[in-house]
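A short worksheet on the structure shown next.
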Amino acid sequence: MIYASLKELSAALAARKISSVELTRRYLERIERLNPALNAFITVDAEKSLAAARDADTRIAAGKATPLTGIPLAQKDIFCAKGWRTTCGSKMLENFISPYDATVIVKLEQDAGMVSLGKVNMDEFAMGSSNETSYYGAVQNPWAHGSGETRVPGGSSGGSAAAVAAGLAPAASGTDTGGSIRQPAALCGLTGLKPTYGVVSRYGMIAFASSLDQAGPIAHSAEDCALLLTAMAGFDEKDSTSLERPQEDYARALGQSLKGLKIGLPQEFFGDGCDAEVMAAVQSAIEAYKNLGAEIVEVKLPNSHLSVPAYYVIAPAEASSNLSRFDGVRYGHRAAEYDDLNDLYRKSRAQGFGAEVKRRILIGAYVLSHGYYDAYYLQAQRIRRLIADDFAQAFKQCDVILGPTSPTTAFKQGEKAADPVQMYLSDIYTIAVNLAGLPGMSLPCGFDKQGLPIGLQLIGNYFDEARLLNIAHGYQQATDWHKRHPAGLD
Ligand code: GLN
């Protein structure tokens with residue numbers, strides 16, 4: 001039951017084989033038992049979850065259920081949720097109880113009737129690729145559990161991925177600014193989707209880099225992600241960047257044949273810099289797609305090597321502006337002692353933010369400052385346009401782009417923590433997708449010699465989520481990587 005698909009859970013709830021309260025209890029018990037070792041959850045409130053489960057059971061009994069009603073899930077601690085503590089992984093928001101719900105929370109809890117199991121760990125303000133920047137401590141990758149080594153789950157949605165991989169929740173919400181859904185999904189053997197920018201509302205989602213941030217699901221399969229995205233997506237007048245488009249059923253294409261599908265392989269994703277074992281698994285996935293009737297075409301993304309440098313100008317610039325609201329007066333931690341207003345700002349921010357967040361704020365303020373704006377920020381925006389144009393060219397030749405999600409499998413805790421550039425390179429294949437605003441997925445495609453999962457990335461054209469999910473689903477019908485789970489947790 002712990003690793004059942006959302007469809008199976010939905011059927012069991014509808015047939016009254018299990019109640020939402022019973023199901024929620026099972027996950028809460030597992031959280032209680034395993035979370036001390038994994039540190040995936042920052043906040044759990046069993047009474048609150050069970051009350052929501054009781055409501056879901058009433059709704060099911062009244063015949064008012066959606067396919068997701070009564071199914072528990074873990075919420076990334078970046079989403080404001082009424083009555084829950086919302087920390088964003090930071091000391092700055094250690095005691096913040098949101099007075100309102102993010103649109104994603106409203107859609108999943110109230111509209112779909114899902115049951116939140118709690119708030120899951122993340123890199124501080126979503127800045128990181130290993131979950132090591134969280135004020136609430138690092139998260140252990142469940143695949144390394146019991147191996148004697150501590151490995152990262154990826155980040156910034158590291159708690160989301162670890163919770164789902166360890167069976168503490170059947171699915172989780174995540175956010176992806178430069179790879180934060182896809183990279184942890186890859187490192188934890190899961191399926192994750194970052195939608196087209198503007199498809200999911202950002203209202204109530206604590207902002208990191210507003211032109212890049214996008215929420216999406218992390219689950220065991222493309223089918224589960226399709227159900228979740230259908231519930232999460234939709235126009236929201238409270239978010240000015242939300243796109244006014246008709247409501248979609250993202251599961252509608254599941255099961256369609258992949259015959260004649262044109263898969264583009266960018267040569268830039270198949271060069272140096274990727275682990276041989278990751279590359280071998282990606283190559284086998286290409287063979288599997290050929291067997292399903294897909295055609296392979298070579299494409300070029302000539303500016304993709306500039307994506308990481310451009311991102312590390314644009315994302316910090318936006319972050320420096322977004323995070324200026326945490327001043328200890330209107331929002332966030334306030335220093336206990338200070339001399340005057342400037343001292344209050346200085347001390348509150350110095351105490352409330354961690355090192356990586358401070359680094360980003362400094363870089364952001366620098367690249368936006370007079371005299372440097374043209375040299376850095378403007379240039380980065382030009383590169384961003386070139387990168388989007390490269391994808392537009394590539395999609396003239398193919399339906400979907402395929403490559404690795406991350407150049408390595410889960411690395412050891414501490415391995416990259418002292419070297420920011422090494423850490424930033426974890427997202428070398430994911431960041432261009434955010435800069436272009438395209439949808440991207442990661443799905444499991446094998447394991448390395450140490451038994452650590454490998455992720456395959458699929459990138460679609462704008463608003464092509466339904467087809468992208470089917471392309472992943474077709475592969476998951478032919479393989480069982482997504483059905484493997486870490487050992488030694490029971
Ligand atoms: N790892 C990237 C960063 O540190 C991306 C994070 C994200 O997608 N939120 O900025």
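Both ligands and their constituent atoms are indexed starting at 1 by order of listing. Both backbone and side-chain heavy atoms feed into the values below; hydrogens, waters and symmetry mates do not.
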Using 4.0 Å as the upper bound for N to carboxylate O, is an ion pair formed by K416 and D419? no
Can you confirm whether K82 is buried at NZ, in the sense that more than 12 heavy atoms of other residues, nucleotides or ligands lie under 6.0 Å from that atom? no
Hey, is D176 close enough to R182 for a salt bridge, meaning N to O under 4.0 Å? yes
Starting from the C-alpha separation in whole Å, work towards a yes-or-no answer on salt bridge (charged side-chain N to carboxylate O under 4.0 Å, His left out) for R202 and D239. CA-CA 6 Å; R202 293 185 300 106; D239 169 7; 3.7 Å; yes
Counting from 1, what ligand 1 atoms have a heavy atom of Y311 closer than 4.0 Å? 2 (C), 3 (C), 5 (C), 6 (C), 10 (O)
Is the distance between the ring centroids of F447 and W143 under 6.0 Å? yes
Ligand 1 to G155 polar contact by distance, N or O atoms, under 3.5 Å: no
Pick one of side chain, backbone, both or neither for how Y312 approaches ligand 1, counting any non-hydrogen atom pair under 4.0 Å. side chain
S156: numbered ligand 1 atoms lying under 4.0 Å from its heavy atoms: 9 (N)
So for ligand 1, is G178 a polar contact partner (N or O within less than 3.5 Å, distance only)? yes
A315: heavy atom below 4.0 Å from ligand 1, yes or no? no
Among the heavy atoms of Q183, does any lie under 4.0 Å from an atom of ligand 1? no
Under-4.0 Å heavy-atom contact with ligand 1, by part of Y424 that carries it: neither
Is a salt bridge present between K91 and E94, judged by a nitrogen-to-oxygen distance below 4.0 Å? no
For ligand 1, which atoms sit closer than 4.0 Å to a heavy atom of D427? 1 (N), 2 (C), 5 (C)
Any nitrogen or oxygen of D176 lying under 3.5 Å from a nitrogen or oxygen in ligand 1? Just yes or no. no
Answer side chain, backbone, both or neither: which part of R182 comes under 4.0 Å from ligand 1, heavy atoms only. neither
Could you see which bit of S180 sits under 4.0 Å from ligand 1, with heavy atoms only: side chain, backbone, both or neither? both
Could you check whether K358 makes a cation-pi contact with F353, meaning its NZ or CZ is under 6.0 Å from the centre of the six-membered ring and within 45° of the ring axis? no
Could you tell me which atoms of ligand 1, counted from 1 in the order shown, lie closer than 4.0 angstrom to a heavy atom of M127? 4 (O)
Between D77 and K119, is the closest basic N to carboxylate O distance under 4.0 Å? yes
Working for salt bridge (charged side-chain N to carboxylate O under 4.0 Å, His left out), residues K300 and D390: CA-CA 7 Å; K300 284 194 185 116; D390 285 354; over 6 Å; no
State whether the shortest distance between N or O atoms of F208 and N or O atoms of ligand 1 falls below 3.5 angstrom. no
Identify the heavy atoms of A209 and E318 that sit nearest to each other, and give their distance. C-OE1, 3.0 Å
Ligand 1 atoms in contact with A126 (distance to a heavy atom under 4.0 Å): 6 (C), 7 (C), 9 (N)
